[in-house]
Every structure is written in structure tokens, then in C-alpha cells.
4 protein chains.
Amino acid sequence: MARPKSPEKRNAILAAAIQLIAEQGLSVSTSKIAKVAGVSEGSLFTYFETKEALLNELYLELKSEVRANMLDTYPAQASLEARARYIWDMYVRFGIAHPDKYKVITQLSVSDSIQEQTRRLSMEGYEALHAIVQELFAYGALKDQPYAFGTALLLSLMNMTIEFIAHHPSEADRFWDAGFTAFWNAVTGP
Amino acid sequence: MARPKSPEKRNAILAAAIQLIAEQGLSVSTSKIAKVAGVSEGSLFTYFETKEALLNELYLELKSEVRANMLDTYPAQASLEARARYIWDMYVRFGIAHPDKYKVITQLSVSDSIQEQTRRLSMEGYEALHAIVQELFAYGALKDQPYAFGTALLLSLMNMTIEFIAHHPSEADRFWDAGFTAFWNAVTGP
Amino acid sequence: MARPKSPEKRNAILAAAIQLIAEQGLSVSTSKIAKVAGVSEGSLFTYFETKEALLNELYLELKSEVRANMLDTYPAQASLEARARYIWDMYVRFGIAHPDKYKVITQLSVSDSIQEQTRRLSMEGYEALHAIVQELFAYGALKDQPYAFGTALLLSLMNMTIEFIAHHPSEADRFWDAGFTAFWNAVTGP
Amino acid sequence: MARPKSPEKRNAILAAAIQLIAEQGLSVSTSKIAKVAGVSEGSLFTYFETKEALLNELYLELKSEVRANMLDTYPAQASLEARARYIWDMYVRFGIAHPDKYKVITQLSVSDSIQEQTRRLSMEGYEALHAIVQELFAYGALKDQPYAFGTALLLSLMNMTIEFIAHHPSEADRFWDAGFTAFWNAVTGP
DNA sequence: GATGAATGAGCGTTCATTCAT
DNA sequence: AATGAATGAACGCTCATTCAT
């Protein structure tokens with residue numbers, strides 16, 4: 001019966017947090033975030049109990065956005081390589097298209113503010129990805145490693161590729177391909 | 001500005017910074033660093049003009065330590081694979097043997113506090129590494145890429161490997177090998 | 001301003017205030033009080049214009065409860081000592097039976113939030129008590145003092161006794177008696 | 001070798017705290033205290049680690065001042081009544097001469113901010129007082145009560161007397177005497 | 001050179017109260 | 001009447017840096 005919480009305000013806060021964290025790091029103050037979001041300092045805390053809660057929710061939102069992007073048109077019937085390439089393309093595209101969000105995800109990934117529970121939640125929905133890595137690992141050079149190793153390998157190469165492209169945007173395509181080739185060889189070769 | 005009187009104090013400050021940054025992140029206060037180092041708050045600023053200067057000098061020291069470690073017994077005459085493996089072993093070994101220093105390097109690498117100038121300086125002395133990567137790139141899958149791409153690839157896989165081992169220490173050897181295999185395949189395959 | 005619709009809500013707010021002030025002091029937030037009372041933050045302010053008003057009304061309610069308790073079965077015909085003892089017993093019993101309410105009364109008594117007007121109102125209805133003190137003061141050691149002095153004396157000894165018993169509950173009876181004896185001697189002796 | 005901590009500043013902070021707590025209660029902000037003391041907000045915390053520490057130290061200072069006052073010229077050889085009256089006079093005089101300090105002591109006495117340890121420390125040095133009460137309790141109406149009861153009784157009557165005088169200053173002497181008479185009768189009579 | 005007291009802006013968070021719903 | 005979102009000043013405390021000693 002009272003004024004309902006406004007999703008617009010919540011989104012404005014999250015958007016402001018993305019922008020400012022990308023610019024200034026995780027230590028941006030809640031008051032700056034509130035100001036950029038156009039809400040009062042107090043309001044920020046009616047939408048997020050603490051700064052830490054804000055960061056955790058932000059992490060989940062971003063992860064979920066990446067996932068939605070990725071699985072929407074997932075070519076479940078395609079060849080293994082095509083599916084792997086699909087994952088690669090979606091993730092790298094996201095990193096390049098949304099550099100602020102990408103920066104924030106990577107900063108949050110290594111932050112102490114993200115709780116174990118949040119990390120666990122953030123992995124849900126990536127079963128397709130895990131399945132691909134497992135298939136890839138069935139044969140090939142890394143067949144004796146746990147597939148978590150493959151996931152880490154994939155992630156680290158995608159991130160490297162995104163960052164490389166960010167620094168050399170004029171030749172994005174070629175590094176995009178080269179990164180995938182490196183991954184594919186790493187996992188399937190020799 | 002003049003060379004400070006006591007290198008011991010300078011080193012104590014750097015050592016304290018390493019320990020505390022590894023534990024608590026880059027936001028540790030200078031006063032905590034001074035206390036752990038056993039010097040006064042004021043003295044810290046006679047050895048390092050600002051906190052940012054301290055972080056930049058720390059970054060250079062650590063990078064330089066890694067490099068010294070690496071090039072000391074570099075097997076210049078060995079095979080390409082043996083030299084590549086040597087680099088791999090030295091870097092990964094360092095990351096595992098000195099987890100605090102490794103954590104600090106990775107935190108500083110992505111920090112806004114490190115100036116471009118510092119980053120440039122920190123790359124000096126890695127010519128041997130660059131040469132290896134260039135040789136590796138002469139043939140193989142990535143022969144059309146700039147060797148900086150190869151360096152980034154190598155670094156990202158080494159870091160991934162170190163972190164994976166840090167989380168699964170009981171099977172260090174196997175991931176150590178697997179990481180190198182992945183790199184070798186990535187660059188030379190298929 | 002108009003008589004609020006639901007006396008139940010008003011009472012729930014007062015009860016919550018008693019509980020929380022006893023636990024956490026006068027600085028409890030109105031929002032905590034509202035939550036414990038099961039009403040909305042806004043509703044609290046339709047029942048009490050401000051927090052200060054809430055505290056003042058609470059003070060009057062509690063004082064009035066004490067008085068009701070006391071005068072209900074007042075033995076108007078008994079001896080002076082019996083009547084004095086009756087007052088003593090009722091007050092001390094109240095303090096021990098309702099420690100939360102007692103704590104709140106004493107906290108409010110010394111609080112800046114209670115207005116002079118409230119204090120004056122809170123004294124109404126204690127005529128019987130005043131009469132006893134006046135009788136007591138007719139003869140005895142304090143016969144030249146205003147009876148307000150006697151009232152203050154009585155109150156201070158009752159409070160002291162209640163607090164002493166609260167800290168040494170296993171010997172309540174003995175301190176209960178001793179307190180009254182002290183008062184009786186103080187006023188009638190030597 | 002650095003600038004030494006200045007006792008003047010510490011005292012200024014304590015004095016400001018006394019004045020402001022007497023006026024506004026224990027909830028005065030540290031920043032108001034700092035402002036009145038003429039030091040920066042930060043400096044307050046170099047003299048007192050937390051607000052709670054400030055309150056505890058203030059309590060000890062005030063208790064110690066009362067004690068010094070009391071025991072300085074203590075008439076150890078005088079009669080029991082003379083010694084009791086001496087204690088009475090010193091305490092009441094202090095309460096009347098220093099109403100701010102008196103208010104602060106009584107507020108702190110019942111505050112949650114004062115730690116058990118502080119309370120224990122604050123009782124040291126009052127052996128003479130305890131001895132008097134014990135002597136008084138050897139005979140008389142309260143001879144079966146623990147002397148802590150007598151101490152509480154004495155304290156409560158002194159406080160009542162001080163407060164009564166504060167509200168009726170023109171007849172201070174008479175209430176001063178009457179209070180002591182009440183106490184003496186309470187303990188020795190009938 | 002060494003020390004640590006001094007500073008005041010800034011931090012994350014809470015609060016009593018208002019007012020749109 | 002009831003709700004709870006909105007507000008921004010205020011809170012206790014920390015910080016990097018300066019400077020008197």
C-alpha cells in the first residue's frame with residue numbers, strides 16, 4: 001500500500017556502481033554511487049542492505065546477464081568445436097561490447113567482498129559450458145585433468161583475449177581467432 | 001629524495017607491505033604497514049614519498065625479483081622446449097614458493113595505482129623470454145600474431161596454473177605439467 | 001490528533017518500547033519499536049506524533065500503572081506503619097515483578113525527553129502517599145522538613161532496594177525488609 | 001622525539017565532555033566534544049581510542065577526583081559519627097560544587113558504556129568508606145545485612161540530598177543536615 | 001633523520017520524520 | 001488509516017599526509 005520499491009532506482013544504483021567501479025575500483029564510496037544514480041545516500045541502503053550486499057547482488061546480476069547472453073541461442077546440436085567456439089564468441093563479444101561490466105566482473109571475481117554463497121550461485125546455469133569442457137577433455141592432451149582445470153583454462157584465455165583486444169582494438173578479429181585457436185590446440189593437441 | 005640512510009628500514013617497509021597487502025588487500029593503511037615494519041608513521045614517508053610511490057616501487061622490486069630468479073641459471077643453449085619449460089618452471093615455482101609476493105604482484109598488476117611508466121619499467125629485462133616466444137611463434141598455429149600476444153598467453157596460463165595449484169595443492173605436479181602442456185600445444189599445435 | 005482507531009496498536013507500540021528500551025536504552029530507533037510492535041514505521045507516527053511524545057506518553061502510562069496498582073487495595077484504615085509498609089510493598093513488588101517497566105521508568109525519570117509538564121502530570125494521584133509522608137513527618141526526626149523531602153527519601157530508598165534485590169535476588173526478602181526498616185528509622189527515629 | 005601528547009588537550013577533551021554530557025546526555029557526539037575542546041575530530045581519537053574509552057576514562061577521572069577530595073583530610077581519629085558526617089559532607093559538597101561533574105558521574109554509573117573492569121577500578125581507594133559502613137553496621141538496625149547494602153543506602157541518600165538541594169538551593173543547609181540525620185537514624189536506630 | 005601528534009575530509013551506516021501510494 | 005520508500009544530516013571512526021619536536 002506504500003510506495004513500492006522502484007526497479008528503476010535499483011537499476012540506476014547498479015548502473016552507477018558499474019560505471020564508477022570500472023573507473024575507480026571497488027573502493028568507490030556508496031555516496032558517489034548514490035549521487036551518480038540520482039538517489040539519496042539513504043535510499044541506496046533501502047535497496048541494498050550494505051555495500052557488500054550491493055557488490056554481491058551486482059556480481060550475480062552481471063553473471064546472469066552473461067549467461068543469458070550465452071545460452072539464448074546456444075547451438076546444442078552443433079559440433080563440439082562449433083559449440084566451443086560459440087561459447088568463446090559470446091563471452092569475448094560480451095567483454096568487448098561491455099567493457100565496464102567486464103571490468104567489474106573481473107574485479108569482483110577476485111574480491112574478498114564476494115561471499116562463497118554468491119560464488120556458488122553465480123555458477124548455476126553454466127552446465128552447458130561444463131559439458132563442453134568435459135567432452136573436450138574426454139580425449140586429447142588434458143584427458144586426465146579434472147574438467148575444472150579446463151574451465152579455468154578457457155576462462156583465462158578468454159580474459160586474456162578480451163584484454164588484448166581492449167589494448168589493440170584495431171585488430172580485434174585476428175586476436176579473437178588466435179585466442180580460440182590457442183585454446184583449441186591447448187585442449188585437443190597435439 | 002636523497003638516498004635514504006637505512007636500506008634495512010626500506011626493506012622492512014616493503015616486507016610489511018607485502019605481508020599486509022597479501023592479507024588485507026591494497027587498501028591497508030600506511031600506518032599499519034609502518035607498525036608491522038617497526039618504523040614510525042612518519043618514517044614511512046621519508047622512504048616513500050606517498051603511498052602510491054610505495055606501491056609502484058614495491059611492484060618494481062617484486063618484478064625484478066622474479067626476473068632475477070628466472071635469468072640466473074637460464075639454459076641459453078638448451079632446446080626451445082627446454083627453455084620454454086625453464087621459464088614456466090621458474091615462474092610457477094616462484095608463485096607457489098612465495099604466495100604473498102605472488103598475490104601482491106597480481107593485485108598490483110590490475111591496480112590503478114601503478115603508473116604506465118612503472119609498467120614499462122617492469123618489462124625491462126625480459127628479453128630472453130621475448131626471444132623464446134618469438135622463436136615459438138616462428139612456426140605453428142600462431143605464427144602470424146605479434147609476439148606480445150604470445151607473452152600474454154604464456155603469462156595468463158602461468159597465472160591460471162599457479163592459482164589452480166594454490167587451490168589444489170595436493171596435486172601440484174600434475175597441474176604444473178598440464179599447464180605447460182596446454183601452453184605448448186596452444187603455441188605449437190596442431 | 002483524533003483518537004486513533006486501534007488501541008491494540010497503540011498498546012503494542014508501548015509494549016514494544018518497554019521491551020526494547022529495557023534491553024537497549026532510550027536510544028532504540030522508532031523503526032525497531034515499530035517492527036517489534038508489528039506495525040509499520042509510519043503507523044507509529046500516527047499513534048505518537050514524535051518519538052519524544054511516545055516517551056512522554058509511555059512515562060505517564062507506566063506511572064499510572066504503578067499508581068493503580070498501589071491504590072487499588074489501599075488500607076486506608078490501617079495504622080500509619082501498616083500504610084507506609086503497604087506503599088513500600090506495592091512499589092517494591094512492582095519493581096521486582098516488572099523489571100522492564102521499572103527500568104524504563106527510571107531511565108525516563110532522568111531523561112531530557114520528559115517534559116516538565118509530563119513530570120507534573122505524573123505526580124497526580126499520589127495524594128495518599130503524600131498524606132502518609134505528611135503524617136510521618138508530623139513528629140520524628142524530620143518534622144521540620146517539607147514533605148516533598150520525605151517523598152524523595154522514600155522513593156530513593158525504594159529504588160535502591162529494588163536495585164539491590166535485582167542484583168541479589170536470592171535474598172530478596174531480607175533486603176526488602178531491611179530497606180523498609182531503614183526508611184522507618186530514618187523518618188521516625190531516633 | 002615527536003610532539004608529545006599534550007595533557008592540556010586531554011583535559012580539554014575531558015572538560016568538554018563533562019560540560020556537554022551534563023547538558024545533553026551521554027549521546028553527545030564526539031565531534032561536538034572535539035569542537036568544544038578546541039581540537040580536531042581526529043585528535044580526540046588520538047587521546048581516546050573510542051568514545052567508549054573516553055567515557056570510561058572520564059568515569060575514572062571523576063571518581064578519582066571525588067576520592068581525592070574525600071580522603072585528603074580524612075579525620076581518621078574522630079568518632080564514628082564524625083567520620084560518617086565527614087564522608088557525607090565531602091560527597092554532598094562535591095555534588096553541589098560541581099553539578100556538571102556530579103551529573104556525569106551519575107549518568108555514567110548507570111550506563112552500559114562503563115565496563116565491569118572500570119567499575120572495579122573505580123571502587124579502589126574507598127576502603128575508609130567501607131570501613132565506616134562496616135562499623136556502623138556492627139550494631140543497630142541493619143546489623144545482619146551485608147555492608148554493601150549500607151553503602152548503597154548511603155549513596156542513594158547522598159544522591160537524593162544533592163538532587164533535592166539542586167532543586168531547592170536556597171535551603172541547602174537544612175536538607176544537607178536532614179539527609180544526614182535520615183541516614184544516621186536509618187542505620188543506628190531505633 | 002626519526003617520531004608520532006595533528007588534521008579534516010571521507011567512509012559506511014542509521015535515524016526520525018515525511019509523504020506518495 | 002496504513003504502509004514503507006525517501007531523505008540527508010549526523011554518527012563514530014579511519015586515513016594519508018604534514019610538521020613540531
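Letters go in sequence order (proteins before strands), and every chain restarts at 1.
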Rounded to whole Å, please give me the gap between [atom1] in [X] and [atom2] in [N].
| X | N | atom1 | atom2 | value |
| --- | --- | --- | --- | --- |
| Q24(C) | dC15(E) | CD | C1' | 14 Å |
| K35(C) | dA2(F) | NZ | P | 19 Å |
| I33(D) | dA10(F) | CD1 | C1' | 14 Å |
| R10(B) | dG1(E) | CZ | P | 15 Å |
| L54(A) | dC11(E) | CG | P | 15 Å |
| F48(D) | dT14(F) | CZ | P | 16 Å |
| L55(D) | dG12(F) | CG | C1' | 12 Å |
| L44(C) | dA1(F) | CG | C1' | 14 Å |

Which pairs of donor and acceptor atoms, one on a side chain in residues 49-56 of chain A, lie under 3.5 Å apart (sequence neighbours left out)?
| unit_1 | atom_1 | unit_2 | atom_2 | d |
| --- | --- | --- | --- | --- |
| T50(A) | OG1 | E52(A) | N | 3.4 |
| T50(A) | OG1 | A53(A) | N | 3.0 |
| K51(A) | NZ | L26(A) | O | 3.0 |
| K51(A) | NZ | V28(A) | O | 2.9 |
| E52(A) | OE2 | Q115(A) | NE2 | 3.4 |
| N56(A) | OD1 | Q115(A) | N | 3.0 |
| N56(A) | OD1 | T118(A) | OG1 | 2.5 |
| N56(A) | ND2 | E52(A) | O | 2.8 |
| N56(A) | ND2 | S113(A) | O | 2.8 |

Contact list for DNA chain E against residues 106-119 of chain A - heavy-atom distance below 4.0 Å | none

Taking only residues at least two apart or on different chains, which pairs with a member in residues 12-34 of chain B satisfy salt bridge (charged side-chain N to carboxylate O under 4.0 Å, His left out)?
-> none

Tabulate atom names and distances for all N/O pairs under 3.5 angstrom spanning the protein and nucleotides 16-19 of chain E.
| unit_1 | atom_1 | unit_2 | atom_2 | d |
| --- | --- | --- | --- | --- |
| dA16(E) | OP1 | K51(C) | NZ | 3.0 |
| dA16(E) | OP2 | T30(C) | N | 2.7 |
| dA16(E) | OP2 | T30(C) | OG1 | 2.9 |
| dT17(E) | OP2 | K51(C) | N | 2.7 |
| dT17(E) | O4 | E41(C) | OE1 | 3.4 |

Bend across the helix from dA2(E)-dT21(F) to dT21(E)-dA2(F), to 10°, with axes taken over 5 pairs at each end?
-> 0°

Do the side chain of R67(A) and the main chain of M123(A) share a donor and acceptor less than 3.5 angstrom apart?
-> no

Taking for each residue the nucleotide of DNA chain F bearing the nearest heavy atom, is the 5' side occupied by S40(C) or by S43(A)?
->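 Nearer the 5' end of the strand: S40(C).
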
Could you list the donor-acceptor pairs under 3.5 angstrom formed by side chains in residues 38-45 of chain D, with sequence neighbours left out?
| unit_1 | atom_1 | unit_2 | atom_2 | d |
| --- | --- | --- | --- | --- |
| S40(D) | OG | S43(D) | N | 3.1 |
| S40(D) | OG | S43(D) | OG | 3.2 |

Any idea which of dA5(E), dA2(E), dC11(F) is nearest the K32(D) side chain?
->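 Comparing dA5(E), dA2(E), dC11(F) against the side chain of K32(D), the answer is dC11(F).
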
Does [N] have OP1 or OP2 sitting under 4.0 Å from an N or O in the side chain of [X]?
| X | N | value |
| --- | --- | --- |
| K9(D) | dA6(E) | yes |
| T46(B) | dG1(E) | no |
| Y47(C) | dA1(F) | no |

Please assess L62(D) against I18(D) for the test side chain to side chain contact (heavy atoms under 4.5 Å, CB included), listing each intermediate value before the final yes or no.
-> CA-CA 10 Å; L62(D) 289 174; I18(D) 290 167; 3.9 Å; yes

In chain order, what residues pass the side-chain contact (heavy atoms from CB on, under 4.5 Å) check against [X], with sequence neighbours excluded?
| X | result |
| --- | --- |
| A22(B) | D100(B), K103(B), V104(B) |
| E8(C) | S6(C) |
| V36(C) | A16(C), Q19(C), L20(C) |

What are the two closest non-hydrogen atoms of G25(A) and D112(B), and how far apart are they?
-> N-OD2, 4.4 Å

Set of residues satisfying salt bridge (Lys or Arg N to Asp or Glu O under 4.0 Å) with respect to R10(D), sequence neighbours excluded |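 Checked R10(D) against salt bridge (Lys or Arg N to Asp or Glu O under 4.0 Å); matches are E57(D), E61(D).
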
For K101(B), check side chain to side chain donor-acceptor pair (under 3.5 Å) against everything at least two apart and list the hits.
->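 Listed in chain order: E65(B).
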
Would you please name every residue forming a side chain to side chain donor-acceptor pair (under 3.5 Å) with Y102(A), sequence neighbours left out?
->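 Counting only residues at least two positions away or on another chain, Y102(A) forms a side chain to side chain donor-acceptor pair (under 3.5 Å) with N159(A), E163(A).
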
